Amino acid sequence: MTNIRLTKPTIAVLETLLSATSDAPAWGLSICRDADLGPGTVYPILDRLTERGWITSHEETGPHPGRPARRFYELTGVGRRSALEALESRRARRFGLGLTGGTS
(Lines give C-alpha, C1' and ligand atoms only; values in the text may rest on other atoms or scores of the structure.)
Protein backbone atom coordinates (compact mmCIF):
# COMPACT_ATOMS: atom_id res chain seq x y z
CA MET A 1 0.00 0.00 0.00
CA THR A 2 1.35 3.42 -0.90
CA ASN A 3 0.91 6.68 0.92
CA ILE A 4 -1.49 9.25 -0.40
CA ARG A 5 -0.76 12.93 -0.95
CA LEU A 6 -2.49 14.87 1.81
CA THR A 7 -3.98 17.84 0.01
CA LYS A 8 -6.57 19.96 1.80
CA PRO A 9 -9.43 18.23 -0.07
CA THR A 10 -8.02 14.78 0.76
CA ILE A 11 -7.72 15.74 4.42
CA ALA A 12 -11.33 16.96 4.42
CA VAL A 13 -12.52 13.67 2.90
CA LEU A 14 -10.47 11.59 5.37
CA GLU A 15 -11.80 13.58 8.32
CA THR A 16 -15.35 13.06 7.06
CA LEU A 17 -14.76 9.31 6.71
CA LEU A 18 -13.19 9.14 10.18
CA SER A 19 -16.24 10.81 11.71
CA ALA A 20 -18.73 8.48 10.00
CA THR A 21 -20.55 5.92 12.17
CA SER A 22 -22.74 2.92 11.50
CA ASP A 23 -25.74 5.11 12.43
CA ALA A 24 -24.57 7.88 10.09
CA PRO A 25 -22.52 6.26 7.32
CA ALA A 26 -20.62 8.29 4.74
CA TRP A 27 -22.09 8.25 1.24
CA GLY A 28 -21.01 10.18 -1.82
CA LEU A 29 -23.01 13.38 -1.63
CA SER A 30 -22.91 13.48 2.19
CA ILE A 31 -19.11 13.46 1.94
CA CYS A 32 -19.31 16.34 -0.55
CA ARG A 33 -21.56 18.27 1.83
CA ASP A 34 -19.57 17.55 5.01
CA ALA A 35 -16.18 18.19 3.38
CA ASP A 36 -17.57 21.27 1.57
CA LEU A 37 -16.24 19.99 -1.76
CA GLY A 38 -17.77 19.30 -5.14
CA PRO A 39 -18.30 15.81 -6.54
CA GLY A 40 -15.62 16.44 -9.18
CA THR A 41 -13.12 16.67 -6.33
CA VAL A 42 -14.52 14.08 -3.93
CA TYR A 43 -15.09 11.12 -6.25
CA PRO A 44 -11.51 11.03 -7.64
CA ILE A 45 -10.22 11.13 -4.03
CA LEU A 46 -12.53 8.24 -3.13
CA ASP A 47 -11.24 6.33 -6.18
CA ARG A 48 -7.60 6.85 -5.09
CA LEU A 49 -8.37 5.80 -1.52
CA THR A 50 -10.10 2.67 -2.83
CA GLU A 51 -7.15 1.82 -5.11
CA ARG A 52 -4.79 2.06 -2.14
CA GLY A 53 -6.96 -0.14 0.04
CA TRP A 54 -7.86 2.62 2.51
CA ILE A 55 -11.63 2.39 1.92
CA THR A 56 -14.27 -0.01 0.73
CA SER A 57 -17.69 0.80 -0.63
CA HIS A 58 -21.01 -0.92 -1.03
CA GLU A 59 -24.35 -0.02 -2.50
CA GLU A 60 -27.39 0.68 -0.35
CA THR A 61 -29.53 -2.44 -0.03
CA GLY A 62 -32.61 -1.01 1.70
CA PRO A 63 -35.50 0.73 0.00
CA HIS A 64 -34.69 4.01 -1.70
CA PRO A 65 -37.87 5.15 -3.42
CA GLY A 66 -37.57 8.02 -5.83
CA ARG A 67 -33.77 8.14 -5.94
CA PRO A 68 -30.84 5.96 -6.96
CA ALA A 69 -29.23 3.70 -4.36
CA ARG A 70 -26.50 5.41 -2.36
CA ARG A 71 -22.93 4.12 -2.33
CA PHE A 72 -21.56 3.99 1.21
CA TYR A 73 -17.84 4.42 1.90
CA GLU A 74 -16.02 3.04 4.92
CA LEU A 75 -12.39 3.10 6.00
CA THR A 76 -10.75 -0.31 6.19
CA GLY A 77 -8.77 -1.20 9.32
CA VAL A 78 -5.54 -0.39 7.51
CA GLY A 79 -7.12 2.73 6.03
CA ARG A 80 -8.26 4.00 9.43
CA ARG A 81 -4.79 3.48 10.94
CA SER A 82 -3.08 5.01 7.91
CA ALA A 83 -5.43 8.01 7.89
CA LEU A 84 -4.95 8.65 11.61
CA GLU A 85 -1.17 8.30 11.33
CA ALA A 86 -0.98 10.51 8.24
CA LEU A 87 -3.16 13.24 9.77
CA GLU A 88 -1.25 13.15 13.07
CA SER A 89 2.11 13.26 11.28
CA ARG A 90 0.91 16.20 9.21
CA ARG A 91 -0.30 18.06 12.30
CA ALA A 92 3.01 17.43 14.07
CA ARG A 93 5.01 18.73 11.09
CA ARG A 94 2.71 21.67 10.59
CA PHE A 95 2.80 22.83 14.19
CA GLY A 96 6.41 21.86 14.91
CA LEU A 97 5.45 19.20 17.40
CA GLY A 98 7.64 16.47 15.95
CA LEU A 99 9.33 14.30 18.56
CA THR A 100 13.08 14.45 18.77
CA GLY A 101 15.35 11.85 20.28
CA GLY A 102 17.46 12.29 23.38
CA THR A 103 17.03 14.44 26.43
CA SER A 104 17.73 18.10 26.96
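Position 1 is the first residue of the sequence; numbering continues from there. This is a predicted model, so every value here is computed, not measured.
- From Ile31, atom CD1 reaches atom OG1 of Thr41 across 13.0 Å, with rounding to the nearest 0.5 Å.
- Separating the OH atom in Tyr73 from the NE2 atom in His58 is a distance of 11.0 Å, to the nearest 0.5 Å.
- For the pair Ser30 (side chain) and Ala26 (backbone), a donor-acceptor distance under 3.5 Å is absent.
- For the residue pair Pro65 and Pro63, the shortest heavy atom distance occurs at CD-C, 3.5 Å.
- A donor-acceptor pair is defined here as one N or O able to donate and one able to accept, closer than 3.5 Å; no such pair exists between the side chain of Thr50 and the backbone of Thr56.
- Residues Glu60 and Arg67 are paired through a salt bridge, judged by an N-O separation under 4.0 Å between the basic side chain and the carboxylate.
- When side chains are defined from C-beta on, Glu15 counts as touching Leu87, because their heavy atoms get closer than 4.5 Å.
- Listed here is the closest heavy atom pair of Val13 and Leu46: CG1-CD2, 4.0 Å.
- When every heavy atom of Cys32 is checked against every heavy atom of Tyr43, the shortest pair comes out as SG-CE1, 4.4 Å.
- Results of the side-chain contact (heavy atoms from CB on, under 4.5 Å) test with Val42 over Asp34, Leu29, Leu37, Thr16 single out Leu37 as the only residue that passes.
- Taking both residues in full, the closest heavy atoms of Pro44 and Pro39 are given as CD-O, 3.8 Å, listed atom of the first, atom of the second, then distance.
- Between Leu49 and Ile45 there is a side-chain heavy-atom pair separated by less than 4.5 Å.
- Remark: side-chain polar atoms of Ser57 are not paired, donor with acceptor, to backbone N or O of Arg71 under 3.5 angstrom.
- To the nearest 0.5 Å, the span separating OG on Ser82 from CG on Leu14 amounts to 10.0 Å.
- For Arg91 and Glu88, the salt-bridge test passes: some basic side-chain N is under 4.0 Å from an acidic carboxylate O.
- Rounded to the nearest 0.5 angstrom, Glu74 CD and Arg80 CZ are separated by 7.5 Å.
- To the nearest 0.5 Å, the span separating CZ on Arg5 from CD1 on Ile11 amounts to 10.5 Å.
- With rounding to the nearest 0.5 Å, the separation of CD1 in Ile4 from CD in Glu51 is 9.0 Å.
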